[in-house]
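Nothing fancy with the numbering, it's 1 onward along the sequence.
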Amino acid sequence: MGKSRSFREYIDDRFESEFAQAVTDFVEDEDNIRALDLRLYKVRNIGTVEVVDTKVIFANVSDLPGSKIAFDVAIEAELYVRESDYHYDTDESCTEWFMLRCSGDLSKNLDDLYIASVKPYNGKSRMPKALDDSLVPLTRSDDLESIANDFLERNYPQAFKKPMAIDPSELAKAMGLTIDIRSITEDFSVFGQLCFRDCTAELYDDNTEKTESVEIKAKTIIVDPKAYFLRNLGQVNNTIVHECVHWDQHRKAFELERLYNESATQIRCKVAGGAGNSSKTATDWMEWQANALAPRIQMPLAPFKTKAYELMREYRTKSGSDDILDYIEPLINGLATFFGVSRTAAKIRMVDAGFHEAVGAFNYVDGRYVQTHTFKKDSIKRNQTFSVPAQDAAILFFTSLDFRNTVQDGSYIYVDSHYVINDAKYVTVDGEGALCLTKYARRHMELCCLAFDMEVKSGQKERYHTECFLNKDKDSPVTFDIKYSNGNQYSSPEKQKEILAATLLEEAKILQEGLPGTCPLALQKMMKLRNVSYAELERRIGLDDQTISRIINGERDPNTESLVMICLGLHLPPGVSEHIISHSPCPLVLQKDAHLWYRFALMYKYPERFLKVDEFLAEHGASLITSDTQREKIIE
């Protein structure tokens with residue numbers, strides 16, 4: 001398929017004479033002329049009316065069975081009106097709009113165009129099963145469930161009798177489609193291809209390791225077998241249903257393309273989303289519709305809910321817990337297995353079905369699993385999240401004044417990809433010394449976490465794929481831009497200030513009492529306050545205790561890395577660490593990437609054990625541990 005196609009432009013060019021003749025026939029009837037009430041200034045009595053020119057302004061198109069369509073065409077006609085009384089030389093031109101009701105068969109190239117009626121234009125008509133100018137169905141998000149149900153009623157009605165997995169092979173067969181499992185591309189950039197007509201397709205041959213020309217019959221769905229190995233059965237099933245939706249919903253758009261381009265025969269669907277070789281705008285809509293309808297067809301809402309409640313009872317009994325958060329992940333996995341869909345599809349469908357708790361399940365940030373969590377329904381919008389990648393958080397600190405003012409005092413701490421109020425009610429330390437959310441926090445995220453706005457950056461287009469905001473699986477091709485939502489947390493500012501006042505008490509007390517103005521003296525005071533020996537600090541961070549002693553006693557100048565390690569080993573609050581390092585000969589240079597991450601760790605990771613902090617820094621190329629010897633010394 002080529003560039004964007006316009007049905008209006010096609011019929012304006014193709015049927016100009018037919019439309020002009022229809023309008024001419026209309027105006028030649030005196031009764032019709034009287035009904036027109038032409039806007040004339042010179043002609044007193046209308047004699048004859050001649051159609052000088054016509055132009056299609058718009059066309060409202062309605063879907064009909066098969067390849068047939070009905071369409072109302074708004075015509076702007078330039079008319080030349082003659083005076084009936086020859087004594088007056090007052091002929092005049094004017095413009096009038098007409099509405100032509102038409103129909104035709106796209107498979108017959110609209111050669112059977114039928115103009116049923118011509119009427120004066122009196123406003124746009126509302127067409128049932130409306131198509132846009134590219135002949136793609138005009139589908140609203142609110143209509144998706146009813147469209148999916150209609151699809152199943154026509155092609156797979158047994159799906160409503162009881163919960164069941166839709167067999168994509170049986171579905172395709174019921175629609176008269178054939179499935180052909182064969183390689184499409186060498187790199188698996190295309191997972192599915194639908195041939196609307198007999199064609200010669202360019203397909204990759206695994207034996208010859210070359211792209212070969214292959215004769216393919218019409219109504220054939222080609223599925224690349226690599227989908228079975230590189231993805232999962234759910235992806236393969238979705239691919240077949242996806243192509244069935246294209247056949248059911250988008251044949252009209254394809255036929256319009258064929259009217260422009262006789263060689264058009266097929267649609268290719270890319271692995272990362274979108275269709276290849278197609279007009280951009282029409283493709284966006286077609287892919288959104290196929291992507292949105294396929295899981296709704298595979299998991300019709302009523303049977304899906306029935307199965308979900310059945311599995312909930314089963315997993316509630318197995319877990320011995322009435323808290324859905326304790327078994328939400330096996331529940332999602334169970335639904336995915338039963339319906340033969342991907343885990344992400346089952347998760348999103350659970351949210352559609354009203355199981356809000358599924359939003360916080362199976363999320364991955366920075367490639368790391370995020371513990372299940374939930375929050376009060378509607379406390380954040382669908383395109384918002386409490387989970388933010390560390391790199392985005394670091395960038396936000398320097399690009400968003402609101403965000404920096406909120407977090408720079410240490411009132412929030414970065415835990416498991418969330419900015420959480422730094423309070424023991426919400427934050428604790430696990431057995432390995434890593435910060436983690438308390439059980440209470442994971443069930444009340446809106447009370448303790450900052451919220452962020454998400455914008456789709458790559459993988460899909462936001463305006464058509466809002467469901468992508470729930471797609472934070474580890475294998476997801478979707479990435480996001482994260483923006484601070486200006487304090488859109490659920491708990492009141494007054495309540496937060498009350499909690500944070502207690503949280504910051506230690507740091508405030510230290511700073512109010514005053515720290516010495518030199519780095520060594522400030523370190524000596526903090527060592528005394530923390531009651532930590534040089535030997536103990538060596539066990540925590542792996543630096544030789546004599547090196548630590550010389551730095552703290554001012555006998556040698558430290559480097560930035562050693563100072564950062566000492567501050568982290570002492571678990572110093574952010575303001576204290578900033579004072580010590582800024583009064584040293586080696587302050588942080590924020591133009592250096594590593595130093596940005598040091599500052600991030602000093603601000604948000606300081607309560608964690610040093611090894612856990614360094615694991616985080618290593619992920620961002622800023623590890624403080626320089627040797628195996630240093631690592632072996634650390635005992636925590």
Side-chain angles (χ1 to χ4, degrees), residues 364-371 387-395 397 407 410 412-420 422 427-437 519 523 526-527 530 532-549 551-552 558-578 580-581 584 586-590 592-636:
Y364 287 79
V365 177
D366 290 329
R368 185 189 299 275
Y369 171 76
V370 177
Q371 278 193 302
S387 306
V388 55
Q391 186 166 347
D392 288 329
I395 293 171
F397 186 86
V407 302
Y412 286 87
I413 196 161
Y414 188 72
V415 182
D416 198 18
S417 302
H418 308 105
Y419 273 98
V420 189
N422 189 2
V427 182
T428 186
V429 179
D430 66 17
E432 296 181 357
L435 289 174
C436 62
L437 299 179
C519 174
L523 282 173
M526 293 313 304
M527 288 283 288
R530 286 287 190 259
V532 175
S533 66
Y534 298 137
E536 170 63 21
L537 195 52
E538 177 182 8
R539 287 193 292 270
R540 291 185 184 183
I541 64 177
L543 276 184
D544 181 83
D545 63 348
Q546 293 183 0
T547 300
I548 295 172
S549 172
I551 290 173
I552 291 176
N559 58 32
T560 304
E561 286 69 22
S562 59
L563 262 188
V564 170
M565 283 190 281
I566 291 171
C567 290
L568 289 172
L570 292 172
H571 304 296
L572 299 183
V576 176
S577 293
E578 183 178 5
I580 290 172
I581 295 176
S584 76
C586 53
L588 294 174
V589 179
L590 299 183
K592 295 181 179 180
D593 288 347
H595 286 210
L596 289 175
W597 289 113
Y598 297 160
R599 180 172 183 173
F600 187 95
L602 290 166
M603 292 186 68
Y604 307 121
K605 309 289 284 183
Y606 66 91
E608 295 189 62
R609 291 181 181 176
F610 179 72
L611 273 181
K612 287 296 178 182
V613 179
D614 195 70
E615 285 178 11
F616 170 84
L617 290 172
E619 291 175 1
H620 302 283
S623 175
L624 291 165
I625 297 177
T626 58
S627 67
D628 292 338
T629 301
Q630 180 184 356
R631 187 179 303 278
E632 290 168 359
K633 284 184 178 181
I634 298 174
I635 303 173
E636 296 195 72

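- Between Cys586 and Asn559, the closest heavy-atom pair is SG-C, 3.5 Å.
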Exercise for the section: Go through the steps to decide whether Arg609 and Glu432 satisfy the test salt bridge (Lys or Arg N to Asp or Glu O under 4.0 Å), and finish with yes or no. Expected result: CA-CA 8 Å; Arg609 291 181 181 176; Glu432 296 181 357; over 6 Å; no

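- Under a cut-off of 6.0 angstrom, the local environment of CD in Glu578 is sparse, with at most 12 non-hydrogen atoms contributed by other residues, nucleotides or ligands.
- Remark: the backbone N or O of Val589 is paired with a side-chain donor or acceptor of His595 at under 3.5 angstrom.
- Taking CG of Leu602 as the reference point, atom CG of Leu572 lies at 8.5 Å (rounded to 0.5 Å).
- Without hydrogens or angle criteria, Tyr606 side chain to Cys567 main chain gives no donor-acceptor distance under 3.5 Å.
- Figure legend: cation-pi geometry between Lys605 and Phe616, with NZ or CZ positioned under 6.0 Å from the six-membered ring centre and within 45° of its axis.
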Handout entry: Residues Asn422, Tyr604; criterion side-chain hydrogen bond (donor to acceptor under 3.5 Å, both in side chains); working and verdict
Key = CA-CA 9 Å; Asn422 189 2; Tyr604 307 121; over 6 Å; no

Exercise for the section: Just do the side-chain contact (heavy atoms from CB on, under 4.5 Å) check on Asp545 and Leu537 with the steps written out, would you? Expected result: CA-CA 7 Å; Asp545 63 348; Leu537 195 52; over 6 Å; no

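- For the atom pair CD1 (Ile566) and CE (Met526), the distance works out to 13.0 Å, reported to the nearest 0.5 Å.
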Exercise for the section: Please lay out, stage by stage, how Val564 and Leu624 fare under the test side-chain contact (heavy atoms from CB on, under 4.5 Å). Expected result: CA-CA 8 Å; Val564 170; Leu624 291 165; 3.8 Å; yes

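- Nearest heavy-atom pair across Leu568 and Ala601 is CD2-O, 4.0 Å.
- Distance alone, capped at 3.5 Å, is enough to place a donor-acceptor pair between the Glu608 side chain and the Leu435 backbone.
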Handout entry: From CA spacing to verdict: side-chain contact (heavy atoms from CB on, under 4.5 Å), Tyr598, Glu561
Key = CA-CA 8 Å; Tyr598 297 160; Glu561 286 69 22; 3.1 Å; yes

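- Contact record, Ala622 with Trp597: CB-CB, 4.0 Å, taken as the closest heavy-atom pair.
- Heavy atoms only, all atoms of each residue included: Ala390 and Tyr414 are closest at N-OH, 3.0 Å.
- Here the side chain of Ser577 pairs no donor or acceptor atom with the backbone of Pro574 at under 3.5 angstrom.
- A side-chain donor-acceptor contact under 3.5 Å links His418 to the backbone of Asp416.
- Looking at heavy atoms from C-beta onward, Ser562 lies in side-chain contact with Ile551 at the 4.5 angstrom threshold.
- For Thr560 against Pro587, the heavy-atom pair with the smallest separation is OG1-O, 4.1 Å.
- For the side-chain contact (heavy atoms from CB on, under 4.5 Å) test with Phe610, the passing option among His571, Met565, Arg539 is Met565; the others fail.
- For the pair Leu611/Arg631, a side-chain contact is recorded, criterion being any heavy-atom separation below 4.5 Å from C-beta on.
- For the pair Ser584 (side chain) and Cys519 (backbone), a donor-acceptor distance under 3.5 Å is absent.
- Other residues, nucleotides and ligands place more than 12 heavy atoms under 6.0 Å from the CD atom of Gln630.
- Rounding to the nearest 0.5 Å places CG of Leu570 at 7.5 Å from CG of Leu523.
- The CE atom of Met527 lies 9.5 Å from the CD atom of Glu536; values are rounded to the nearest 0.5 Å.
- Nearest heavy atom pair, residue Gly542 against residue Ile634, reads N-CG1, 3.6 Å.
- A distance of 10.0 Å separates CD in Gln391 from CG in Leu596, rounded to the nearest 0.5 Å.
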Exercise for the section: Apply side-chain contact (heavy atoms from CB on, under 4.5 Å) to Tyr419 and Val388, showing your working. Expected result: CA-CA 8 Å; Tyr419 273 98; Val388 55; 4.0 Å; yes

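- Separation of the Phe397 and Phe600 ring centroids does not fall under the 6.0 Å cut-off.
- Lys612 contributes atom NZ, which lies 13.5 Å from atom CG of Leu617 (distance to the nearest 0.5 angstrom).
- Partners of Tyr534 under the ring-ring contact (aromatic ring centres under 6.0 Å, His included) rule, at least two apart in sequence or in another chain, do not exist in this structure.
- Ile541 places a side-chain heavy atom less than 4.5 Å from the side chain of Ile548.
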